[in-house]
Amino acid sequence: MRISRALAAAVLVLFPLAAVSQAASAPARSAHTPVQKAAPPQVAQTPPMGWNSWNFFGHKVTDQDVRNAADQLVSTGMKDAGYIYVNIDDTWEGDRDASGILHANSKFPDMKALADYVHSKGLKLGIYSSPGPQTCARFAASLDHEVQDAQLYASWGIDYLKYDLCTFRTAVMTAQAPDDKAAQMRLMVAAYDKMNKALKATGRPIVYSFCQYGWDAVWEWGPSVGANLWRTTGDIQPNWQSIYSILNENAGLAKYAGPGHWNDPDMLEVGNGQSSGPNNPIRYLSSAENRTHFSMWAMLAAPLLAGNDLPNMTHEVRTILTNRDVIAIDQDRLGHQATRAYSEGELDVWTRHLSGGAVAIAVINAGADRYSSHPFHLSLAKLGLHGPLKGKDLWTGKDITLTDNMPIELGSHDILLVRIAAPK
Ligand code: GLA
């Protein structure tokens, strides 16, 4: 612990010196020499994919859990399927020293060594902070230390920052502008921009993930202050009600998504569950719920950050998380987020336009019962399409032909997800 603190401090001390000595040895520029600006590194051209510690490990996450997750991403084939970021969420932070440098707590003895380990697997490492004095779990955060923290992250080799509003709200927004909502929002935007500039100044490509729960229509201003993604809602929970309501809250946001800037309906709960009380058993998401959740996050062009216990996941959960056809929808290079085409009773139909003129169609049964005795009839006309349409059912892997008003039977909370190559 001591050694790593000393190392981190040394890197931070050396970092600005290195920059100064480079500048000193560079040939003198005449006033007319055009400045060669390097193209800014492009990150998040498709929605980021990876794993985040919060949804399963919460406060308990340790260095070993993160290493295990990295190992599992490789051994399960998830890395090959596109999951690259290994993101440490809240509770890694320790104290600041006399120079203001933040150190990780005892759960993370050597952050640089952890980053090196994750990088050695061909993966990238993400971290978490807040613009407030403390994080949501009340650990030290970045207020008044933005530049120092950004440089610290860069010195460790961090590739992704989730920046969570948390205590900035009370400590700064309501404290400085108690009765002025507009001024509070300006303070919030400025805080996100401050860290944006600090990250950019490191010169390291770092994905910048906003977490302020969708306040003040973040999708409208986020990209202008560096957001590569922004949470659109409050926290997800591992139950159908939460997943389905977040899905619907994202229905009107398609036009804000695109390469480099994405709506974030929160991290995946695939494979997770929760208990309704201390003595009650955990109710895991059903197979259908896992499939629908994963499919619809792909339709939303959402970041796919698995949030489950990778070393102990079932074969079924792994199969869902590595469905290449579904991932290909999420990662489609056009980045056009799906829209909800229509709903009828408890069924919803969504469509997403994909590159090469392809279309993805999702039909969800949000009801508690199976639609069989009164099957739902899919109207292609309402989607602006005409049958018959040949496509692939992305969960059975089989060919399917959609015809107008065809009856569709779906179990409770299940989905039909079809990719049509290029409808006429
Ligand atoms: C907030 C965020 C969560 C998680 C926790 C950590 O609630 O929305 O995603 O990061 O903080 O404390």
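Residue numbers count from 1 along this sequence. In listed order, ligands and their atoms are each counted from 1.
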- Qualifying residues under disulfide (SG to SG under 2.5 Å), relative to C136, sequence neighbours excluded: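 Counting only residues at least two positions away or on another chain, C136 forms a disulfide (SG to SG under 2.5 Å) with C166.
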
- Task: Using atom types as modelled and distance alone, determine if a side-chain donor or acceptor of Q148 lies under 3.5 Å from a backbone N or O of E146.
- Result: no

- Query: Heavy atoms under 4.0 Å from ligand 1: which residues qualify?
  - Reply: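 Answer by chain and number: W54, D89, D90, Y128, C136, A137, K162, D164, C211, Y213, R231, D235, M267.
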
- Message: So, using salt bridge (Lys or Arg N to Asp or Glu O under 4.0 Å) as the criterion, who are the partners of K197 when residues are at least two apart?
- Response: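 With neighbours one apart ignored, the set is D193.
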
- What pairs meet the side-chain hydrogen bond (donor to acceptor under 3.5 Å, both in side chains) rule with one or both residues in residues 208-219, with sequence neighbours excluded? D164-Y213

- How are the rings of Y85 and Y160 set to each other: parallel, tilted or perpendicular (split at 30° and 60°)?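 Rings of Y85 and Y160: tilted, 30 to 60°.
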
- Query: Hey, do the aromatic rings of H59 and W54 have their centres closer than 6.0 Å?
  - Reply: yes

